[in-house]
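For the numbers below, each heavy atom of this structure counts, side chains included, while hydrogens, waters and symmetry mates do not.
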Amino acid sequence: MSKVATRFAPSPTGPLHIGGVRTALFNWLYSKNQNGNFFLRIEDTDKERSKEEYRKQIINSLKWIGINFDGEEYVQSKKIEDHIKVAHELLKRGSAYKCYCSPEEIEDQKKRAKQKKIPYIYDRKWRDKKETDAPKNKKPVIRFKSKIDGTSILKDLVQGDVEIENNTIEDFVIIRNDGTPTYNLSAAVDDHQMDMTHIIRGDDHKINTFKQIQIYQAMEWELPSFAHIPLIHTIDGKKLSKRDKASTLDDYSKIGIMPVALRNYLLRLGWSYKDKEIFTLDESIKHFNLKGIGKSPSKLDMSRILSMNEHYIKNMNENDLFDQLIKYCNQFKKEIKSDKIDKIKRSLSFLKNKAKTLEDIFNNGQYIIVDEVSFSQEDLKLVDEKAKKVISDFRAQFVNIDQPSRETLETVINGLIKSHDTNFKGVGQPLRIALTGSKFGPGIYDIILSLSKEEVGKRLEAKII
RNA sequence: GGUCCCUUCGUCUAUCGGUUAGGACACAUGGUUUUCAUCCAUGAAAGAGGGGUUCGAUUCCCCUAGGGACCGCCA
């Protein structure tokens with residue numbers, strides 16, 4: 001048995017969406033689980049729509065989420081000559097023929113079929129005509145001579161046996177009238193030449209598989225195994241597309257979803273291993289199999305993505321989290337000044353507490369990052385005369401503390417609670433507002449200790465007092 | 001319209017004919033707490049419908065209904 005080889009074959013006609021990422025993930029995990037190889041093939045034969053920027057975006061997306069392909073990336077457009085050669089071989093073998101129908105003629109037939117509400121299928125007009133019947137001034141397409149009688153069975157590794165009547169598959173075009181190969185030809189030839197053993201792709205490719213299998217058979221190539229995975233649906237149950245919002249990786253990375261979290265989420269979307277929810281990379285390679293892939297489509301659920309991300313924020317190594325946070329801020333927020341970065345790092349253990357995303361952590365740390373605190377009118381209202389007195393009393397005592405610590409602060413604050421005849425809130429809330437500009441936030445001791453002594457002093461004499 | 005696929009809590013799913021149908025997220029309630037959170041506990045919540053097969057069906061088969069995908073000289 002040859003070494004397992006899988007591939008992900010996106011076309012660079014738009015940003016990669018997370019359905020594609022999941023397909024790539026499954027292919028990658030399966031190959032790694034089987035000690036095989038995983039390849040990337042860029043299907044750029046649609047010259048009109050393929051863009052270099054999308055090619056880069058796809059590669060960056062895969063890299064971001066941690067999917068590495070083996071070897072060099074395979075560029076389909078460089079292999080066009082090979083595809084054409086196969087088309088001519090099929091012609092020679094009598095498995096393909098030239099069709100001189102014009103695109104307009106075909107369009108017309110389609111339209112009429114639609115009006116009559118009968119299924120359109122190319123009428124195979126040129127299938128058995130002789131070359132001598134060919135019009136001189138017309139450029140033909142080459143069509144594959146599909147099976148007409150009987151049925152075909154696809155032994156799908158996810159869906160089981162799928163049987164289809166051969167006459168529902170038309171004589172599809174393999175070479176356009178401009179001489180270029182079409183998708184089904186190119187994909188079949190490439191998969192064969194790349195020695196793919198397993199084709200794992202979206203359910204929307206199932207018909208293509210029946211076509212491609214026929215090409216394999218006509219060329220007498222050894223067939224790979226196929227697995228069609230159910231599609232990811234939007235919340236209203238439709239196939240996810242690039243146009244849907246929150247469908248590309250960038251949509252997630254920019255709000256501070258981490259690659260590990262998204263990878264883990266995608267892994268469990270349509271695949272399961274017992275009751276296990278959290279998978280390290282090694283665990284996912286170890287446990288991944290085709291058997292665990294479900295048959296029904298699944299919907300994208302943002303709250304689960306968020307909670308997965310939250311789980312990783314709270315459980316991952318704090319240094320790693322810090323690295324990711326800085327990377328995130330540099331890319332999507334403003335760069336944090338070096339004197340603040342240190343404070344953020346020291347405070348991460350509580351800044352991360354109420355965060356579901358890196359963006360949340362950034363927001364929680366805003367009070368550290370800003371040079372000047374700003375206040376909302378609403379919060380200012382909470383700081384009445386009594387509160388102002390609390391603040392100034394605290395400040396008076398605070399500046400005399402040499403080394404502020406939780407213990408020394410506690411003494412001061414407990415003293416204030418007594419002398420002002422109030423409760424913790426009566427002291428804590430004004431201080432929190434004065435120091436951070438918000439009545440919400442980390443514990444007051446954490447806030448004070450996360451800022452320098454000078455900074456606390458400065459903020460407490462700010463204009464609200 | 002044709003072909004094919006799918007159907008367990010709101011969502012992702014477990015169950016390899018016998019379970020009080022389990023878990024996770026979300027939700028609700030209570031508790032801890034220094035605000036907001038966290039955390040802990042508890043709760044509500046599912047086999048689309050109808051036929052078979054079987055001692056016994058969520059599980060196997062058929063029908064119906066609903067949902068989806070494909071139907072390009074795109075990939």
Original post:
Which one, B:rC4, B:rC74, B:rG23, comes nearest to the side chain of A:R49?
Top reply: B:rC74

Subject >> Whether A:H205 stacks on the six-membered ring of B:rA75 base, 5.5 Å and 30° limits >> reply: yes

Please produce a list of atom pairs where a protein N or O lies less than 3.5 Å from an N or O of nucleotides 37-43 of chain B.
none

Subject >> Nearest to side-chain heavy atoms of A:H233, which nucleotide of B:rG68, B:rA69, B:rU34 >> reply: B:rG68

Subject >> Among B:rG22, B:rC5, B:rG72, the nucleotide that comes nearest once only the side chain of A:V162 is considered >> reply: B:rC5

Original post:
5'-most contact on RNA chain B: A:K299 or A:C99, nearest heavy atom basis?
Top reply: A:K299

**OP:** Give one of base, sugar-phosphate or nothing for A:Y445, where a contact means two heavy atoms less than 4.0 Å apart.
**Re:** base

**OP:** Tell me whether the OP1 or OP2 atom of B:rC12 has a side-chain N or O from A:S272 closer than 4.0 Å.
**Re:** no

**OP:** Please tell me which of the listed nucleotides, B:rG72, B:rA14, B:rU34, lies nearest to the side chain of A:F424?
**Re:** B:rU34

Subject >> Taking every non-hydrogen atom, the tightest pair across A:R143 and A:C99 >> reply: NE-SG, 3.4 Å

Original post:
Have A:N33 and A:H287 got a donor and an acceptor in their side chains that come within less than 3.5 Å?
Top reply: no

Original post:
So does A:T168 get a side-chain nitrogen or oxygen closer than 4.0 Å to the phosphate oxygens (OP1/OP2) of B:rG2?
Top reply: no

**OP:** Taking the six-membered ring for Trp and the full ring for Phe, Tyr or His, determine whether the centres of A:F26 and A:F288 are under 6.0 Å apart.
**Re:** yes

Original post:
What nucleotide, of B:rA75, B:rU7, B:rC73, holds the atom closest to the side chain of A:S296?
Top reply: B:rU7

Original post:
So which of A:I257, A:L262, A:L266, A:I278 actually passes side chain to side chain contact (heavy atoms under 4.5 Å, CB included) with A:M308?
Top reply: A:I278

Original post:
Between A:Y122 and A:K125, is there a cation-pi geometry (under 6.0 Å to ring centre, at most 45° from the normal)?
Top reply: no

**OP:** Return the 5'-most residue of the pair A:K238, A:W271 with respect to RNA chain B, ranking by each residue's nearest nucleotide.
**Re:** A:W271

Original post:
Under 4.0 Å: is that the gap between some side-chain N or O of A:R304 and OP1 or OP2 of B:rG10?
Top reply: no

Subject >> Any A:K110 side-chain nitrogen or oxygen under 4.0 Å from OP1 or OP2 of B:rC73 >> reply: yes

Original post:
If you check every side-chain atom of A:S298, which of B:rG68, B:rC73, B:rU13 has the closest atom?
Top reply: B:rU13

**OP:** Among the candidates B:rA75, B:rC6, B:rC70, find the nucleotide nearest to the side-chain atoms of A:P297.
**Re:** B:rC6

Original post:
Counting only side-chain N and O atoms of A:K425, is one of them less than 4.0 Å from OP1 or OP2 of B:rU35?
Top reply: no

Subject >> Side-chain N or O of A:K47 closer than 4.0 Å to phosphate OP1/OP2 of B:rC74 >> reply: no

Original post:
Can you find a heavy atom in the side chain of A:T45 that is under 4.5 Å from one in the side chain of A:S11?
Top reply: no

**OP:** Establish whether the base of B:rA26 is bridged to the side chain of A:D301 by a donor-acceptor pair shorter than 3.5 Å.
**Re:** no

**OP:** Select base, sugar-phosphate, or nothing to describe what A:D178 touches, counting heavy atoms under 4.0 Å on all strands.
**Re:** nothing

